[in-house]
**Q** 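I am attaching a structure below and will ask some questions about it afterwards.
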2 protein chains.
Amino acid sequence: MKNSPSKQKVINAASALFFQKGFHGTSVRDIADQASVNVASISYYFNSKQGLLEYAVTNYYEDYLKSIESTLRQSELLTPIEKLQALISTIIQYKQNNFQLTCFIQRELSLDSVFVREMTVTYLAKENFYIRKTFFDAVGSQVKNEYKQYLLMQLKGMLVTPYILHNDWKNQVVGEYSHQIFVKKYVKVIKDWIDFAVFDGLELDKKVAY
Amino acid sequence: MKNSPSKQKVINAASALFFQKGFHGTSVRDIADQASVNVASISYYFNSKQGLLEYAVTNYYEDYLKSIESTLRQSELLTPIEKLQALISTIIQYKQNNFQLTCFIQRELSLDSVFVREMTVTYLAKENFYIRKTFFDAVGSQVKNEYKQYLLMQLKGMLVTPYILHNDWKNQVVGEYSHQIFVKKYVKVIKDWIDFAVFDGLELDKKVAY
DNA sequence: TATTTGTCGAGAAAAAATTGAAGGAATTAA
DNA sequence: TTAATTCCTTCAATTTTTTCTCGACAAATA
């Protein structure tokens with residue numbers, strides 16, 4: 001009987017409220033209200049508020065990494081640069097599909113708690129590994145290491161900004177677009193940036209002489 | 001008798017702890033301990049925990065806008081593109097000087113509370129106005145409006161990512177550098193990006209045909 | 001029918017925020 | 001110098017908020 005309607009209702013409500021008010025800012029009563037279930041259910045399902053958080057976040061990352069790994073497996077025959085594009089597309093896609101949770105986790109991740117550190121070790125290390133490897137494979141050895149590192153940072157920045165400045169982005173850029181259209185457009189923007197940063201501008205000394 | 005040592009000690013401690021554990025995550029006791037003052041002082045100085053927050057954030061933004069306005073005034077005789085560079089430099093400089101508070105505010109800003117909405121109206125609207133105007137002046141009318149908007153979003157993204165991915169950035173990029181060196185280097189990176197995005201790549205249809 | 005599964009309300013227990021009274025230190029005015 | 005005033009700090013008590021547990025009950029399931 002997994003994912004009974006109520007359990008799922010709680011998770012959905014929690015995602016929305018955590019996104020809106022932060023983890024500490026929302027009480028289990030808020031969640032129960034929003035989900036139209038009794039407060040005690042939350043203890044019943046997840047033991048504690050903390051348990052609920054861990055369940056939601058763990059789930060999020062498990063799925064996230066599964067998507068990434070699946071994409072990398074499927075694009076094994078493509079060129080490194082195509083592979084990178086596929087990866088970026090998958091990542092943005094997933095984040096967009098889990099918009100609220102993405103925003104919430106991104107925010108809470110910059111805190112310094114035991115839980116965050118655990119997540120960093122178990123999941124973010126992997127994410128980082130995949131992105132880094134795929135990016136470096138695509139870039140090749142044409143660019144100096146130190147600058148490559150900078151580019152990687154910038155890429156990672158681009159993968160998260162929509163979920164940090166989401167107030168800006170939804171109003172001014174996304175606008176009437178659906179999530180799907182946003183994914184397409186934004187993936188293209190990142191692709192263009194890579195083309196420039198890594199390939200077009202190679203002759204500029206700033207890249208080699210960094 | 002403004003900014004008595006104790007009052008300042010409280011603000012400093014609060015900045016550090018809010019940065020580390022978030023607003024709701026830190027209790028007034030924590031703050032009092034860290035600042036080595038009595039708990040009641042906080043009520044005394046700022047009325048409430050909320051009051052302390054508002055005082056710190058308001059101060060931060062007042063100074064921030066003052067810096068920006070001063071820079072714009074001083075660079076009135078420069079070319080639009082130089083003006084933009086001066087603005088970017090000032091912004092990164094200020095954020096780096098108030099590193100912890102910057103990170104904290106950036107994170108908390110993505111919440112949805114009355115206070116955040118007030119800040120957005122009173123301060124962020126102005127910030128946005130200055131950046132937008134300066135950027136658009138620098139870009140001129142060579143680029144299509146819709147794409148200009150996208151570029152502006154990206155620029156704003158670059159102005160905040162170091163304070164969101166600060167865990168990544170401090171370890172891998174900043175490293176042994178001092179804040180000052182980071183400011184210099186990063187301002188240059190943004191400048192390079194602008195040169196590319198706005199000017200170098202103009203012939204590409206992606207910019208005009210967006 | 002017996003058992004598991006989910007829902008509910010009350011309230012204990014803990015944690016956090018705030019208040020008020022009291023006193024010391026520094027500053028100002030006489 | 002002394003007295004008055006204001007500013008700052010502390011402690012203890014109170015209030016408010018929040019989490020979590022418990023036992024009863026209903027519904028589904030086997």
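In this text the structure is predicted, and so the values were computed from the model without any measurement. Order of the sequence lines fixes the chain letters, A, B, ..., with proteins taken first and strands second; residue numbering starts at 1 for each chain.
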**Q** Please state how far atom NZ in A/Lys21 lies from atom P in D/dT17, giving the value in whole angstrom units.
**A** 13 Å
**Q** Mind calculating the distance between OH (A/Tyr45) and C1' (D/dC20) to the nearest angstrom?
**A**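 Answer to the nearest Å: 17 Å.
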**Q** Classify the angle between the aromatic ring planes of A/Tyr64 and A/Tyr94 as parallel (below 30°), tilted (30 to 60°) or perpendicular (above 60°).
**A** tilted
**Q** Do the side chains of B/Val57 and B/Leu101 get nearer than 4.5 Å, heavy atoms only?
**A** no
**Q** Between A/Leu52 (CG) and D/dT18 (P), how many Å, whole number?
**A** 16 Å
**Q** According to the interplanar angle, ranging from 0 to 90°, do the rings of B/Phe18 and B/Phe23 count as parallel (below 30°), tilted (30 to 60°) or perpendicular (above 60°)?
**A** perpendicular
**Q** For A/Phe99 and A/His179, take the angle between the two ring planes, folded into 0 to 90°, and tell me which bin it lands in: parallel under 30, tilted 30 to 60, perpendicular over 60.
**A** tilted
**Q** Please give, in whole Å, the distance from D/dC20 C1' to A/Phe46 CZ?
**A**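 Whole-Å distance recorded here is 16 Å.
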**Q** Report yes if a side-chain nitrogen or oxygen of A/Asn38 is closer than 4.0 Å to either non-bridging phosphate oxygen (OP1 or OP2) of C/dG6; otherwise report no.
**A**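 Negative; the distance criterion is not met.
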**Q** Could you go through nucleotides 15-25 of chain C and list every protein N or O atom that sits under 3.5 Å from one of its N or O atoms, giving the distance for each pair?
**A**
residue	atom	partner	partner atom	Å
C/dA17	OP1	B/Lys49	NZ	2.9
C/dA17	OP2	B/Val28	N	2.9
C/dA17	N7	B/Arg29	NH2	3.0
C/dA17	N6	B/Arg29	NH2	3.4
C/dT18	OP2	B/Lys49	N	3.2

**Q** Distance check needed: D/dT10 C1' versus B/Asp33 CG, whole Å only.
**A**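 The distance from CG of B/Asp33 to C1' of D/dT10 comes to 14 Å, rounded to the nearest Å.
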**Q** Quick one: salt bridge (charged side-chain N to carboxylate O under 4.0 Å, His left out) partners of B/Arg29, sequence neighbours excluded?
**A** none
**Q** Under 3.5 Å, is there a donor-acceptor pair between the side chain of B/Ser41 and the main chain of B/Val37?
**A** no
